[in-house]
Amino acid sequence: NNDLEPPLFVSFCSPPRIKDEPDDDGFYASPKEDSKPLKRPREDDDKAKKAKNKDKKSPEADKRKKPKKEEEQKWKWWEEERYPEGIKWKFLEHKGPVFAPPYEPLPENVKFYYDGKVMKLSTKAEEVATFFAKMLDHEYTTKEIFRKNFFKDWRKEMTSEEKSTITSLSKCDFTHMSQYFKAQTEARKQMSKEEKQKIKEENERLLKEYGYCVMDNHKERIANFKIEPPGLFRGRGNHPKMGMLKRRIMPEDIIINCSKDSKVPPPPPGHKWKEVRHDNKVTWLVSWTENIQGSIKYIMLNPSSRIKGEKDWQKYETARRLKKCVDKIRNQYREDWKSKEMKVRQRAVALYFIDKLALRAGNEKEEGETADTVGCCSLRVEHIKLHPELDGQEYVVEFDFLGKDSIRYYNKVPVEKRVFKNLQLFMENKQPEDDLFDRLNTSILNKHLQDLMEGLTAKVFRTYNASITLQQQLKELTNPDDNIPAKILSYNRANRAVAILCNHQRAPPKTFEKSMMNLQSKIDAKKEQLADARRELKSAKADAKVRRDEKSKKAVESKKKAVQRIEEQLMKLEVQATDREENKQIALSTSKLNYLDPRISVAWCKKWGIPIEKIYNKTQREKFAWAIDMAEEDYEF
DNA sequence: GAGATCACTTAGTACGGACCGG
DNA sequence: CCGGTCCGTACTAAGTGATCTC
């Protein structure tokens, strides 16, 4: 059954289709929350569509009559009717999760020392000790909180005898264990081709068996079918729980979700699932509760799946609806800056920040449970400084706070006088650790947004501003006369503008300076090569002028071509260097994957004849297959 | 209506294999 | 072919926001 084949990349040779209109009430159901789906059974719909697709197949596609199954058409879920609100699927069958491999005790000759003396640990205590030993090189293990949390949790795993002996972490010597693991890593690297091949095949087998599920007649890829192995928790930033033991997940912790009429995956022999349920109002297949924060973890489908793709599409449609009313909303919050009600003013200033600076909403967090980070609504007085004048600009707000993942947000922004005055008001008589917006939280803000536009929440502004910025930057930066590499540089720069807006940072790659030097020396070499080629061209020209024969004319031509080729190569390298330099601390992938309406990029590629592969890698093309299939060059976000 | 719970999206990093130049 | 570089992927933490519960 071809429907059960894993999804494949959709190429441009798909049948011609109707253009996407901004307001589309057209042929394809746009995924609006309120769209009323037909009651028509899906199966019939499937067949109808399949027949239609077959008819429409282009001649090229028909010609390629390879017997291979991969040539079969990929399922275009975006051409189908959507389920009513709330229902996520009608049939779901899967094989359950893959558990972490059981602990393998260390060989006898690998020793742990306590207070300078060899000590044999119980299996449970040893396992936890290995987690620490594996991290020994990391600076984590020197941090007070990490060590304290680790030691407390480790002691829980010890026998009473071990507990009474091991009373101080600083007397523990894990170095031998650490050396052993390093040797293991080294050995793994040195494995023969055959051994590596064997491991690869085993992984493929696992993926084939557990990596897919059947959801409503289609085989879909699962994103994370492996259960997280036990280990030491490493939070981001200054996390109060760093070093705690992440316990091993057992079948008894696992809730299975699948449809009633499906084959329920059997638990491992001798075990039971915590629960099997049949809830088609949710998209997850497996869940368990994690012991660090007590939060629920899920196994869900891949971004290429229908269920994720539809949601993603819908997200961009909501952002496009915001585009239509954003002016009105902006006027409204500017009015609200003048409101008599403090609550309304705070709301309006916060919304201005969310809109102008693409800040996150900023839910409250439980103190002591997570790293101290904030978003817009949770900003504290200590996170901003007001400068009536700074560097020749008036009314500058200086932001300095840690946001999601403890990434620093630092920005100096000139704001309107009214905003500035309001901020002064909000900060009056407050301590640095007091909330800036004390009458506001995300719930109040989102309720207000809901009244302004259906489906509007704070995060829609990030999506909207990111996408509209890309579209506008592409228009501005693309030079029609540029060659492909230069156009791609322009694309990356537009992408970069968004990444900067959204504050998507990365640690500069460890090898950054070196790789930059390498590239520079390549450029220098290329420059010399070019000079040589030019000299040769010059002498060939002179030669031709004297001889005036066919042969020397040809020689001039070929030298000319050589110069051109080298010039192009040089330019490519220079573009690459610029791109890399500008990208040192900026991560483009997050915005590309989560904030930029893919149809903008697809349309741009089509307009300028850029192969889509230059913009999206294979995985990204799978995720955005709907957009690649759908968007024409005149697509407007 | 406040806090807890649940579901789902968004995020940076580590790592390993593909790839490229010497 | 080999060693270094780079890219993609796996991993899982950390957000958002709706809904449930008391």
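In the text below, chain A, chain B and the rest are named by the order of the sequence lines, each starting its count at 1.
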A.B. asks: Quickly, which of A/Y140, A/F150, A/F181 forms a ring-ring contact (aromatic ring centres under 6.0 Å, His included) with A/F132? Name it, please.
C.D. replies: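 When ring-ring contact (aromatic ring centres under 6.0 Å, His included) is applied between A/F132 and each of A/Y140, A/F150, A/F181, only A/F150 qualifies.
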A.B. asks: Quick check: on DNA chain C, is the nucleotide nearest A/Q620 upstream (toward 5') of the one nearest A/H239, or the reverse? Name the residue that is more 5'.
C.D. replies: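 Upstream on the strand: A/Q620.
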A.B. asks: When the nearest nucleotide of DNA chain C is assigned to A/Q293 and to A/N617 on a heavy-atom basis, which residue is associated with the more 5' position?
C.D. replies: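 Upstream on the strand: A/N617.
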A.B. asks: Which nucleotide in the set B/dC8, B/dG16, B/dG12 lies at the smallest distance from any side-chain heavy atom of A/R188?
C.D. replies: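 The answer is B/dG16.
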A.B. asks: Please determine, for the side chain of A/K311, which listed nucleotide (B/dC8, C/dG15, C/dG17) has the closest atom?
C.D. replies: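 Nearest to the side-chain atoms of A/K311, counting from C-beta on, is B/dC8.
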A.B. asks: Which part of the nucleic acid, if any, lies within contact of A/K365, taking any heavy atom under 4.0 Å across all strands shown: a base, the sugar-phosphate backbone alone, or nothing?
C.D. replies: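 Here A/K365 touches the backbone only, sparing every base.
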A.B. asks: Does OP1 or OP2 of C/dG17 have a side-chain N or O of A/N446 closer than 4.0 Å?
C.D. replies: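 Result: yes.
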A.B. asks: What's the closest nucleotide to the side chain of A/R462 if the choices are B/dA11, B/dT9, C/dA18?
C.D. replies: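 Nearest listed nucleotide: B/dA11.
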A.B. asks: Below 4.0 angstrom from OP1 or OP2 of B/dT9, is there any side-chain N or O of A/Y298?
C.D. replies: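 For B/dT9, neither OP1 nor OP2 has a side-chain N or O of A/Y298 closer than 4.0 Å.
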A.B. asks: Record whether the side chain of A/K315 comes under 3.5 Å of the base of B/dT9 through a donor-acceptor pair of N or O atoms.
C.D. replies: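 Checked by distance alone, the answer is no.
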A.B. asks: Mind checking if A/K459 touches a base, just sugar-phosphate, or nothing, with heavy atoms under 4.0 Å?
C.D. replies: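 If one applies the 4.0 Å heavy-atom cut-off, A/K459 turns out to touch the sugar-phosphate alone, with no base involved.
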A.B. asks: Could you check whether A/Y210 and A/F225 have their ring centres less than 6.0 Å apart?
C.D. replies: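 No: the rings miss the under 6.0 Å criterion.
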A.B. asks: What's A/K241 touching, base or sugar-phosphate or nothing? Going by heavy atoms closer than 4.0 Å.
C.D. replies: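 No contact at all - A/K241 keeps every heavy atom at 4.0 Å or more from the nucleic acid.
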A.B. asks: Before accepting this row, confirm whether a basic side-chain N of the pair A/E202/A/R205 lies closer than 4.0 Å to the acidic partner's carboxylate O.
C.D. replies: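 Looking at A/R205 together with A/E202, the answer is yes, because their closest N to O distance falls below 4.0 Å.
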A.B. asks: Among B/dC8, C/dG17, B/dC6, which is the nearest nucleotide to the side chain of A/I296?
C.D. replies: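 The nucleotide sitting nearest to the side chain is B/dC6.
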A.B. asks: If you check every side-chain atom of A/K297, which of C/dA13, C/dA18, C/dT16 has the closest atom?
C.D. replies: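 Nearest to the side chain of A/K297 among the choices is C/dA13.
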A.B. asks: Is there a side-chain polar atom (N or O) of A/K281 under 4.0 Å from OP1 or OP2 of B/dA7?
C.D. replies: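 Answer no for this pair, as no side-chain N or O of A/K281 is under 4.0 Å from OP1 or OP2.
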